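To start, the structure under review is shown below, and the notes come after it.
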Protein chains: 2
Amino acid sequence: MKRNTWQREAVREALGSNEGFVSAQGLHSTLRDGGSPIGLATVYRALADLAIEGEADSLQSDQGESLYRACTPGQHHHHLICRSCGLTVEIEADAVEAWAHEVASANGFTEASHVVDVFGLCAACGALAATAR
Amino acid sequence: MKRNTWQREAVREALGSNEGFVSAQGLHSTLRDGGSPIGLATVYRALADLAIEGEADSLQSDQGESLYRACTPGQHHHHLICRSCGLTVEIEADAVEAWAHEVASANGFTEASHVVDVFGLCAACGALAATAR
DNA sequence: GGCGATACTGATAACGACAATCAACCTCTG
DNA sequence: CAGAGGTTGATTGTCGTTATCAGTATCGCC
């Protein structure tokens, strides 16, 4: 049986009110700062559950940290992520989907999945970097 | 100054004689089993160096482990990786390169880089899975 | 509303991958 | 061949994540 607890709800809400990807530990301190006496282990569990249920996307930062973000459920999509501020735009890539399957089967591969994410500097951060230079 | 040591060479060779991606720790035990008294820290350093110099590609496994593989230097490419046996095929994707930059600039992003990897079952592993089923 | 079963929570310990340390060592140059 | 300094490696430290387990909260049922 699956139960609804305020902790799980708090994690879902904290995720939804965030623009970009967040680390589990970051989300935990955010919640703590917001007054919730939620435990770190619970945040990890809730995030893992949300990711499995398709309510959150996860990716690994270049330091190997797991980052999470709320996403529109039941829809396959990729991300355009600002390297500086973490701002994330969901992008669709039907052409890339097709290409991936094509390349896979051309090499005899089946059951193809893929990892496609684009990193860059968003307009704001790009301007900031230009002035700082 | 950069020096040539048999340790660094051993790591390079062990990488080259491998079909798929290997973990640092896995490579270390392989070398140890082969008789080299090489240290774990050295393997990590050598792999990091090779990755920076472009002689090796690295990616993160879904458990957050860093995996390495020898690659043709000075050439941007992506990978088609067998989920079961680790067999890896280097693939080129000019279309995807173009698409990535296009999507990025369409959203005001600059300095776009991207992560594109395709996972699947290679012909051999696919056949194996079919007979086992 | 009360009750019992049981899924959930959370402080902490354990774990695994990786980075830092530092004395001993080896490689290159002159 | 000798000196300088980059390199090594056993060990320790760090950090993110997971397992543990007793206590707690939630839900179905009466």
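Letters A, B, ... mirror the listed sequences (proteins, then strands); counts begin at 1. Note that the structure is predicted; figures quoted are calculated from it, not measured.
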Hey, what's the ring geometry for A:F21 with A:H79, parallel, tilted or perpendicular (30° and 60° as the breaks)? perpendicular
Atom-pair distance ([atom1] on [X]; [atom2] on [N]), nearest Å:
X: B:E65; N: C:dC18; atom1: CD; atom2: P; answer: 6 Å
X: A:H28; N: C:dT12; atom1: NE2; atom2: C1'; answer: 13 Å
X: B:D62; N: D:dT17; atom1: CG; atom2: C1'; answer: 14 Å
X: B:I38; N: D:dT8; atom1: CD1; atom2: P; answer: 8 Å
X: B:E9; N: C:dT27; atom1: CD; atom2: C1'; answer: 15 Å
X: B:Q60; N: C:dC18; atom1: CD; atom2: C1'; answer: 11 Å
X: B:R45; N: D:dG9; atom1: CZ; atom2: C1'; answer: 7 Å
X: B:Q7; N: C:dT27; atom1: CD; atom2: C1'; answer: 11 Å

Nearest listed nucleotide, side chain of [X], among [options]:
X: B:R8; options: D:dT7, C:dT9, D:dT17; answer: D:dT7
X: B:A41; options: C:dC8, C:dA20, C:dA11; answer: C:dA20
X: B:A24; options: D:dC27, C:dT27, C:dC18; answer: C:dC18
X: A:L40; options: D:dC27, D:dT17, D:dG9; answer: D:dT17
X: A:M1; options: D:dC27, C:dA17, D:dT26; answer: D:dC27
X: B:Y44; options: C:dA17, C:dT9, D:dG9; answer: C:dA17

Straight-line distance of A:Y68 OH to A:D57 CG, nearest 0.5 Å: 11.0 Å
Nearest heavy atom decides the nucleotide; on that basis, is B:L67 or A:G39 closer to the 5' end of DNA chain C? A:G39
For DNA chain C, whose closest nucleotide is more 5', that of B:T5 or that of B:G64? B:G64
Heavy atoms only, 4.0 Å cut-off, all strands: where does A:Q63 land among base, sugar-phosphate and nothing? nothing
What nitrogen or oxygen pairs link the protein and nucleotides 1-5 of chain C at under 3.5 Å?
none

Decide whether [X] and [Y] meet the rule of one side-chain donor and one side-chain acceptor closer than 3.5 Å.
X: B:E92; Y: B:H76; value: no
X: B:S61; Y: B:Q63; value: yes
X: B:T72; Y: B:E90; value: yes
X: A:R83; Y: B:S113; value: yes
X: A:T42; Y: A:R8; value: no

Tell me whether the count of non-hydrogen atoms from other residues, nucleotides or ligands lying under 6.0 Å of CD in B:E53 goes above 12. yes
B:T42 vs D:dG9: side-chain N/O to OP1/OP2 distance below 4.0 Å: yes
Answer yes or no: does a side-chain N or O of A:S66 lie under 4.0 Å from OP1 or OP2 of D:dG16? no
